[in-house]
Amino acid sequence: MNDTKARILGTSSDLFRRNGYAGTGLKQVATEARAPFGSIYHFFPGGKQQLGEEVIRTSGEAYARLVFSILDAHPDILEGIEVGFRLAGETLVATDYADACPIATVALEVASTNEVLRVATADVFTSWIDSGSTLLRSRGFGEADARRLILGFVTSLEGAFVLARALRSTEPLDAAGATVLAAARACLPPRE
């Protein structure tokens, strides 16, 4: 990928996550990406909407790799869940509650107003659910339990991010993590 395009995407991802889609201007993106303003339209001829769609899709893939690498790194899935929620809280504190999920901020903002971006966020969430279900099935959970658990994981994490940012506290992440852990324990396959 072209270095200028990569800077534009990375900067846009950071700005959308922190300021939202509507709160981020293309001039701001160009300035913070150290890119000529015209380069945005060179790489994204469809303008802000095309840029937004690509940011959602690339950020969604990167965020999924991060989250699932944490879960996958722990042979004990319960430990992976606990570590995942703890690290999410640590990241929020380290970034003064600015860096949460790169998709949720935009999804909340555009779900009712921009069909292209709504579809992009839905595609990303669907891919997370599918990947998470596959991971949990590989750990011995049944298909229905795996899907229910990953839906609970994603919704708990996303909801906790919203509350944590508003309250400026990791308490919502701690509570959400404990809730997901309890649900996972309840349907954990018996050990042989």
Side-chain angles (χ1 to χ4, degrees), residues 1-33 35 37-72 84 87-88 91-92 95 97-136 146-166 173 176 180:
M1 176 184 304
N2 180 291
D3 183 53
T4 302
K5 183 177 182 181
R7 283 196 322 272
I8 291 168
L9 284 170
T11 298
S12 298
S13 177
D14 291 345
L15 291 170
F16 290 167
R17 181 174 54 241
R18 292 174 179 205
N19 304 329
Y21 179 78
T24 299
L26 292 181
K27 287 182 182 178
Q28 179 184 21
V29 170
T31 299
E32 293 196 24
F37 183 75
S39 64
I40 291 176
Y41 287 98
H42 171 75
F43 293 112
F44 307 98
K48 187 175 179 181
Q49 180 173 276
Q50 183 183 359
L51 172 62
E53 181 180 15
E54 192 161 337
V55 165
I56 289 165
R57 293 184 187 283
T58 57
S59 296
E61 289 175 19
Y63 193 70
R65 281 192 305 275
L66 170 68
V67 170
F68 292 122
S69 72
I70 293 167
L71 293 177
D72 202 34
L87 291 176
T91 298
L92 278 180
T95 62
Y97 294 88
D99 285 345
C101 173
I103 307 308
T105 303
V106 175
L108 287 169
E109 186 179 4
V110 302
S112 298
T113 60
N114 187 314
E115 185 64 7
V116 169
L117 299 182
R118 185 205 62 77
V119 168
T121 60
D123 289 348
V124 166
F125 287 134
T126 299
S127 75
W128 294 356
I129 293 161
D130 293 345
S131 297
S133 293
T134 299
L135 173 66
L136 291 174
R147 183 168 174 82
R148 184 172 51 83
L149 280 171
I150 200 62
L151 280 165
F153 180 91
V154 171
T155 58
S156 295
L157 186 60
E158 297 299 342
F161 278 144
V162 171
L163 288 174
R165 287 180 80 181
L173 283 158
V180 173

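Keep in mind that the numbers below use all heavy atoms, side chains included, and drop hydrogens, waters and symmetry copies.
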Apply salt bridge (Lys or Arg N to Asp or Glu O under 4.0 Å) to Arg65 and list each qualifying residue two or more places apart in sequence or on a separate chain. none
Quick check for you: to the nearest 0.5 Å, what is the distance between Phe43 atom CZ and Arg7 atom CZ? 9.0 Å
Examine the side chains of Ser59 and Ser13 and answer whether a donor and an acceptor come within less than 3.5 Å of each other. yes
If we ignore hydrogens and angles and just use 3.5 Å, is the side chain of Thr105 paired with the main-chain N or O of Arg17 as donor and acceptor? yes
Would you say the side-chain atoms of Thr134 pair up with the backbone N or O of Asp130, donor to acceptor, closer than 3.5 Å? yes
Kindly indicate, with the supporting measurements, whether the criterion side-chain contact (heavy atoms from CB on, under 4.5 Å) is fulfilled by Val116 and Val110. CA-CA 9 Å; Val116 169; Val110 302; over 6 Å; no
Using a strict threshold of under 4.0 Å (side-chain N to carboxylate O), is an ion pair present between Glu53 and Arg57? yes
Side chains of Lys48 and Tyr21 in contact at under 4.5 Å (non-hydrogen atoms): yes
Please tell me if the side chains of Ser133 and Ile129 come closer than 4.5 Å, counting only heavy atoms from C-beta onward. yes
Report the distance from atom CD of Gln49 to atom CG of Asn114, rounding to the nearest 0.5 Å. 4.5 Å
Salt-bridge criterion met for Arg118 and Glu115 (N-O under 4.0 Å): yes
Shortest non-hydrogen contact from Ser156 to Ala176? O-CB, 3.7 Å
Distance-minimising heavy-atom pair for Ile150 and Gly132: CG1-CA, 3.5 Å
Measure the CD-CG distance between Glu158 and Leu163 for me, rounded to the nearest 0.5 Å. 12.0 Å
Please confirm whether the ring centroid of Phe153 lies under 6.0 Å from the ring centroid of Trp128. no
Of all the heavy-atom pairs spanning Phe125 and Ala107, show the shortest one and how long it is. CE1-CB, 3.9 Å
How close do Ala35 and Thr4 get, counting heavy atoms only, and between which atoms? CB-CG2, 3.8 Å
Nearest heavy-atom contact between Thr24 and Gly20 is OG1-O, 2.8 Å
Run the numbers on Asp14 and Arg18 for salt bridge (charged side-chain N to carboxylate O under 4.0 Å, His left out), then give the verdict. CA-CA 6 Å; Asp14 291 345; Arg18 292 174 179 205; 5.8 Å; no
Rounded to the nearest 0.5 Å, how far apart are CD of Glu61 and CD1 of Ile103? 9.5 Å
Leu9 side chain reached by Phe44 side chain, heavy atoms, under 4.5 Å: yes
side-chain contact (heavy atoms from CB on, under 4.5 Å) between Thr121 and Leu117: does it pass, once the steps are laid out? CA-CA 6 Å; Thr121 60; Leu117 299 182; 5.5 Å; no
For Lys5, is there an ion pair with Glu54 - N to carboxylate O distance below 4.0 angstrom? yes
Which distance, rounded to the nearest 0.5 Å, do you find between the CZ of Arg165 and the CG of Leu92? 7.5 Å
Side chain of Ser12, backbone of Ile8: donor and acceptor closer than 3.5 Å? yes
Here the gap from Phe161 atom CZ to Leu173 atom CG, rounded to the nearest 0.5 Å, amounts to 6.0 Å
Non-hydrogen atoms of Val124 and Ile56 that approach each other most closely: CG2-O, 3.6 Å
